[in-house]
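Every chain is numbered from 1, with letters handed out A, B, ... down the list of sequences.
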There are 2 protein chains.
Amino acid sequence: MVSRLNIIKSHFSFLPHPNALDNFREAKINTSLLQNEYYKPNPEIIYMFIDLIKGNPLFDLNGNLEKPREVQRELIIRQLLFLYPKFYAKFDLSSMINRGHFGLAMSAFDLGLSGRYSVHAILYMETLEFLGTDKHKPLMERSLLLKDYGSFSMTEIGHGSNVAALETTAIYNHSTHEFIINSPTPTSTKYLVGGMANTSTMTVVFAQLIIENVKHGIHAFVIRVRDINHNPVKGVIIGDCGAKAGLNGIDNGFIAFNNLRVPYDSLLDRMSHISPEGKFKSHFKSNEKRFGIMLSGLIGGRTGILGNSELNLRHALTIAIRYGAIRLQFGGDKEQAIITYPTHKYRLMPLLAKCFAARMSFRLIIRLYLERKEEVKANPEGFKVAEMHGLSSVFKYINCKYSQEGIQTCREACGGHGYSAYSNLSRLRCNNDAHYTWDGDNDVLIQQCSRFLLKNIMNFFKGNAVQSKYVSFMTASNVEITAENLDCPKKLIGILEYRAHYYMNKCVAKLQSIANPDPKVVWMNSQVHHMNNLSISFGELVAAKELLEFVYDLKNKCLDTGNEIEKVFKLYVLTILEKEHIGFSDNEHRIIEDKVIYMSELVAKSAVKIIDAIALPDHVLGSVLGCSDGRVYERYMEEVERAPGCYGKPSWVHLIEEMKKAI
Amino acid sequence: MVSRLNIIKSHFSFLPHPNALDNFREAKINTSLLQNEYYKPNPEIIYMFIDLIKGNPLFDLNGNLEKPREVQRELIIRQLLFLYPKFYAKFDLSSMINRGHFGLAMSAFDLGLSGRYSVHAILYMETLEFLGTDKHKPLMERSLLLKDYGSFSMTEIGHGSNVAALETTAIYNHSTHEFIINSPTPTSTKYLVGGMANTSTMTVVFAQLIIENVKHGIHAFVIRVRDINHNPVKGVIIGDCGAKAGLNGIDNGFIAFNNLRVPYDSLLDRMSHISPEGKFKSHFKSNEKRFGIMLSGLIGGRTGILGNSELNLRHALTIAIRYGAIRLQFGGDKEQAIITYPTHKYRLMPLLAKCFAARMSFRLIIRLYLERKEEVKANPEGFKVAEMHGLSSVFKYINCKYSQEGIQTCREACGGHGYSAYSNLSRLRCNNDAHYTWDGDNDVLIQQCSRFLLKNIMNFFKGNAVQSKYVSFMTASNVEITAENLDCPKKLIGILEYRAHYYMNKCVAKLQSIANPDPKVVWMNSQVHHMNNLSISFGELVAAKELLEFVYDLKNKCLDTGNEIEKVFKLYVLTILEKEHIGFSDNEHRIIEDKVIYMSELVAKSAVKIIDAIALPDHVLGSVLGCSDGRVYERYMEEVERAPGCYGKPSWVHLIEEMKKAI
């Protein structure tokens, strides 16, 4: 066998060659500057992660690809055990933002790893922090030391987005100062709870608080779910939700409650509490409103999703753009790299532009969070929280859409090899896909942004000044579509302002036209083509503005680099306009189309260099097609030969003989 | 443990309830009639398959979901061993169309199973049949009896779509009457060959024929790759391509040749042969042209893809529509099924319309093949073959796009539960994805249709009559967009005719405007927004016409049923127009948008009933969310509890203790 492998090795030894990617590295881009700027804020956490996992066999994506679910989960715990003490020693992980950056660094390698950590460190801990009071601080401390491992039991098998209708009950017993938690129906089983199946010792459970037969709305309770021997505590049934579309390293589980008794202090009581007389007390009268406010502070998960989805798209583009520069096809005697074909540039370059925009919206939310985190606690009903919530809601919708569609396009752009598991594209697609529903279904969530916008618009229509500086399109006017205007950044922003303005008017007209007394019916019937488009046009406008600011800043630091990324900005706006129906004439459409092709052409000239700057290193990327040295086929063969059973016969080879005798 | 499970079982026992899907089954549709009509042609093969696998533990999708790659492959061979003799006894499998229908029946259950069979029964056998001569007939017979198991070695690791540039060589040695087959470079290794890694005993290999140092273009050779002990024959290296995005039950492998000597009769010599004097003889002078003609007859695989992709989309819609009728969310005290919301109808109903269109294009190609199969052999350069090739090329592009995007939308429409493996949606997405590149990359393949159309157009512009009846848009004129016209089937077809006409003019203008002497450059730069759109508008026009014929036919048989499907037809056209830029005014766009919403509303009223008619039975569908009795959560819990390790601790539970001591 050894000799056989040797023959094969020599057969497949690809001759040493210069890095073919170098042919595409002539753009004037200062890659280290661009990297520094792009990786902000907090690049040191990702750099430390990159260094730590390099050459470490515990972090071997392709080598562990086909391991069973149980082993994937074990591996992730081992990875966490390796990483956590090192990051804990170096960074203040009592800060949620640091925990978030640590999670994002892990996401760059494996969303399963970061997800496993984030349900504890973001979802569980943020809930304790935001909804708990001083008496819950020791639990925070235990969490930070991993003495407790928490999870987030909100979704039920029968209820997802409509969290206000959760069925789990927490009945207060004043005589014992306890709550009795129950899953009164099969549909009330808490479901797909990350970390529940195997890991959690603690959870926050969202349940309908009932005092003396009166419902007081959904509240959060922190409870222990497993005892010291890691057995489920009496009164709970815990199980594993089994195989998923991806992220099988995350142990999503279900939990059902059967008269679980928990002490009064389980209630996370910052927003409501029960008086010594057994009376319900709350700052907020309306149960629905209180619950909305309770959720409004939990933005760590969503912010992570904005970052993760950009990261997944960036990975996919790293793979498709590098492979496109290496893969030769057609062109007669001297075959041409597929990235030199107009159709290929048109497929990939608009996605690169979207990737930059997605990064900017993520950074904006981080910045707003840092500016406003005190306000979120002190004045959760305030305008600044609503603004941040509106923005993050639509950004989640946009970033997920960009990334999922983008990964699919990148996979297609890599042809048959894109279907190999070692391309990593299918893993990215399967993992990224979870973002659609995590933290709220996108198609429901976007309506939160619509509500925010409508409030602003109505306020403006009443003659008041516009409150949010992001809602900048109220008085926008039409910009002429000419080749010249489409080349001017400010005019491009102006067109996006007009687009949002256009949808605003369309929405208002629609809302007024529906002659139904029930506002719910009016709302339901004004989503498609109206409120949805308004929200998206708003989100994309804000992202484009942020990207333009990034370009200006970059230009100040290095004009050449800034100029290249300015082209990316222009392509971003053009890509949006290309698919639009906002009253463009046939001729205007053609001008836009031509410009998209032209800008795709220009961006393609610097695409490999841009990817060099923003890509993560090969050992983090984990794709044979996207390696930075361009030795695609060699690395591909290495992985294929390393996989189990590459050479030799399968255990069931006798069935081939049976087949010959089948007829 | 037993008692624990019993407690759990009783806890999760969902009360008996009437089938909640019945609330959505009021439409006047004769489901058995619609099923008969939709399943044509050859429904008896699929019915036999459905019956045979029912209750058979060998066909348990969810039970085998997480088995390793090697076991998946074993399972498929066992399934084939079970099925093949039964179908062989009942149907004449020497007919390719019957083999194709058998393959499609298996696809309904698992694309891995049908793929494993089809590389042998379609790709290998069709090549023997189409390119071989009488002396190859014994090989056909052996294949039919499964004495040989063949594969199709065309793609190389370095060459996919550009098959004319394949590097594998077959050097003729006149003195021994042999060919010597070699993989002269690492990039020439035959790659991702279905069935090669474990199963194949034979293959057809496509190689550059060289006689006395003169290249005569790519030819096909039938060769033995494994000996009687199932070891690779001397002169070949065979390996496994490892893990893929999906279809891991298909053993895609690689094969490299090292001076493999094969006898003269290996050459499939219907189109070229070598004279007794050692001279190359061929009906076709140009190597490129001959190769194109060689490939033009191999349409079995593509036809299968048209059918499979429709099937995958139909499955996804079955799941999403039924789940949408069961899943309740929002709506106050009495929660509403999500399918009653306008946004949800708008997501799913246009896809249902596309599914019908995809089915029609598949059936059209089957019909054309049956009519023309003699002509394909006798006159492969003829117009009728070119027409069929043009149509099948664009249909592959369209059907794959409809299905892949549609499956993704269905998955999103199922929320978090759509991410469960037991929904079957991710399996459908991963499997269907292979179609993009199988049988030629879609983005390259669509250009074959463009070439066909351009030839027709140029011919017409020269004053000749239009040859193809499908190219019906030459003299189409604009149709006014009014609510009334959008309700008239003939006017809708007229608008699609005009759309193709519009793109024809746009293309011609573009081609004339590019001032470059190199026709390749002109071609390359006229794809995006031009030739591609022309081809798509042509394909969708033909599909819409076929669908309208289907509706007319149905109306004759049952007016009520026909009327319901006529709405589906209207929605299909409207869905296309909604995204279009063919000079519509702002107002016209709004009329179309409103009509799409309105028609989605109407189709949604009968959607569950339509799905009842066209869906495959639950045991073939394999989705807990799509079950026909509406007991979604119950079946979901059953699968989750049946999966390995639902209850109890994982083997690595000690690591949880380590974690508590990590800091």
*So which of A/Arg69, A/Lys67, A/Lys579 has the biggest tally of heavy-atom pairs under 4.5 Å with chain B?*
A/Arg69

_Ion pair A/Lys510/B/Glu593, N-O distance below 4.0 Å_ = no

*Side chain, backbone, both or neither: which part of B/Tyr502 has a non-hydrogen atom closer than 4.5 Å to chain A?*
side chain

*asked:* For A/Lys660, is there an ion pair with B/Asp148 - N to carboxylate O distance below 4.0 angstrom?
replied: no

*Using non-hydrogen atoms and a 4.5 Å limit, figure out which bit of B/Gln408 sits close to chain A: side chain, backbone, both or neither.*
side chain

_Toward chain A, the part of B/Gln404 with a non-hydrogen atom under 4.5 Å_ = side chain

*What is the minimum heavy-atom distance between A/Tyr436 and B/Glu412, and which atoms define it?*
CZ-OE2, 3.0 Å

*Tell me, for B/Val632 versus chain A, whether the close heavy atoms (under 4.5 Å) come from the side chain, the backbone, both or neither.*
neither

_Separation between OG of B/Ser420 and CG of A/Leu192, rounded to the nearest 0.5 Å_ = 7.0 Å

*Atom pair CZ (B/Arg78) and CD (A/Glu658), whose distance is rounded to the nearest 0.5 Å*: 7.0 Å

*Can you tell which part of B/Ala662 gets under 4.5 Å to a heavy atom of chain A, answering side chain, backbone, both or neither?*
both

*If you tally heavy-atom pairs under 4.5 Å against chain B, which of A/Ile228, A/Leu65, A/Leu425, A/Asn231 wins?*
A/Asn231

*May I ask you to decide if B/Pro186's main-chain N or O and A/Tyr633's side chain share a donor-acceptor pair within less than 3.5 Å?*
no

*Taking the side chain as C-beta and beyond, is there a heavy-atom pair between B/Ser651 and A/Glu70 under 4.5 Å?*
yes

*Give the member of A/Gly242, A/Ala643, A/Gly583, A/Cys241 that has the highest number of heavy-atom pairs under 4.5 Å with chain B.*
A/Cys241

*Is it the backbone or the side chain of B/Pro68 that comes under 4.5 Å from a heavy atom of chain A, or both, or neither?*
neither

*Heavy-atom distance under 4.5 Å to chain A: side chain of B/Arg590, backbone, both or neither?*
side chain

_Choice from B/Leu145, B/Thr155, B/Leu80 maximising heavy atom contacts with chain A below 4.5 Å_ = B/Leu145

*Under a 4.5 Å cut-off applied to non-hydrogen side-chain atoms, are A/Met659 and B/Thr199 in contact?*
yes

*Check each atom of B/Arg73 against the heavy atoms of chain A and say whether the ones under 4.5 Å are side chain, backbone, both or neither.*
both

*Relative to chain B, which of A/Pro85, A/Ala89, A/Gly158 shows the most heavy atom pairs under 4.5 Å?*
A/Gly158

*Could you have a look at A/Arg226, A/Arg429, A/Lys661, A/Glu639 and say which one has the most heavy-atom pairs with chain B under 4.5 angstrom?*
A/Arg429

*What heavy-atom pair brings A/Lys147 and B/Ile663 nearest, and what distance separates the two atoms?*
NZ-O, 4.2 Å

*Among A/Asn248, A/Asp586, A/Asn532, A/Val444, which has the most heavy-atom pairs under 4.5 Å with chain B?*
A/Asp586

*Give the minimum heavy-atom separation between B/Glu66 and A/Ala243, together with the two atoms involved.*
CD-CB, 3.6 Å

*So what's closer than 4.5 Å to chain A heavy atoms on B/Glu588: side chain, backbone, both or neither?*
neither

*Dump the intermediate steps for side chain to side chain donor-acceptor pair (under 3.5 Å) on A/Glu578 and B/His581, then the final yes or no.*
CA-CA 10 Å; A/Glu578 187 198 1; B/His581 298 295; over 6 Å; no

*Given a strict heavy-atom distance threshold of 4.5 Å, which part of B/Arg411 is in contact with chain A: side chain, backbone, both, or neither?*
side chain

*What part of B/Arg642 lies closer than 4.5 angstrom to a heavy atom of chain A: side chain, backbone, both or neither?*
neither

*Would you please indicate yes or no on a ring centroid separation below 6.0 angstrom for A/His417 and B/Tyr191?*
yes

*With chain A, which of B/Gly331, B/Ser426, B/Ala165 has the greatest number of heavy-atom pairs at distances under 4.5 Å?*
B/Ser426

*With rounding to the nearest 0.5 Å, note down the distance linking NZ in A/Lys649 to CG in B/Asn229.*
6.0 Å

*asked:* How close do B/Arg327 and A/Ile157 get, counting heavy atoms only, and between which atoms?
replied: NH1-O, 2.8 Å

*Which of B/Pro644, B/Ala413, B/Ser423 touches chain A most, by non-hydrogen pairs under 4.5 Å*: B/Pro644

_Taking side chain as everything from C-beta outward and backbone as N, CA, C, O, which of these in A/Arg347 sits under 4.5 Å from a heavy atom of chain B? Side chain, backbone, both or neither._
side chain

_chain A contact via B/Ser585 - which portion, at a heavy-atom distance below 4.5 Å_ = neither

*Quick one: does B/His230's side chain get under 4.5 Å of A/Glu657's, heavy atoms only?*
no

*asked:* Once you measure the plane-to-plane angle for B/Phe254 and A/Tyr647, does it fall in the parallel (<30°), tilted (30-60°) or perpendicular (>60°) bin?
replied: perpendicular

*Hey, mind stepping through A/Ile656 and B/Tyr149 against side chain to side chain contact (heavy atoms under 4.5 Å, CB included) and telling me if it holds?*
CA-CA 9 Å; A/Ile656 306 267; B/Tyr149 208 93; over 6 Å; no

*Supply the atom-to-atom distance B/Asp441 CG to A/Gln329 CD, rounded to the nearest 0.5 angstrom.*
8.5 Å

*Based on non-hydrogen pairs under 4.5 Å, which of B/Leu146, B/Val653, B/Asp433, B/Leu81 is most in contact with chain A?*
B/Asp433

*Side chains of A/Val640 and B/Asp240: closer than 4.5 Å at any heavy-atom pair?*
no

*Under 4.5 Å from any heavy atom of chain A - which part of B/Tyr346*: side chain

*Apply side chain to side chain donor-acceptor pair (under 3.5 Å) to the pair A/His159 and B/Glu335, showing each step before the final yes or no.*
CA-CA 11 Å; A/His159 282 99; B/Glu335 291 189 297; 2.7 Å; yes

*Relative to chain A, which of B/Thr437, B/Ile77, B/Asn162 shows the most heavy atom pairs under 4.5 Å?*
B/Asn162

*Under a 4.5 Å heavy-atom cutoff, which of B/Lys520, B/Glu405, B/Lys506 has the most pairs with chain A?*
B/Lys506

*asked:* Under 4.5 Å from any heavy atom of chain A, what part of B/Leu655 do you find: side chain, backbone, both or neither?
replied: both

*Any side-chain heavy-atom pair of A/Cys430 and B/Cys430 under 4.5 Å*: yes

*Inter-residue atom distance B/His344.NE2 - A/Gln527.CD, 0.5 Å rounding*: 14.5 Å

_Derivation and outcome, side chain to side chain contact (heavy atoms under 4.5 Å, CB included), residues B/Val71 and A/Trp652_ = CA-CA 9 Å; B/Val71 179; A/Trp652 45 265; over 6 Å; no

*Could you grab the distance from atom OH of B/Tyr341 to atom CG of A/Asp443, nearest 0.5 Å is fine?*
14.0 Å

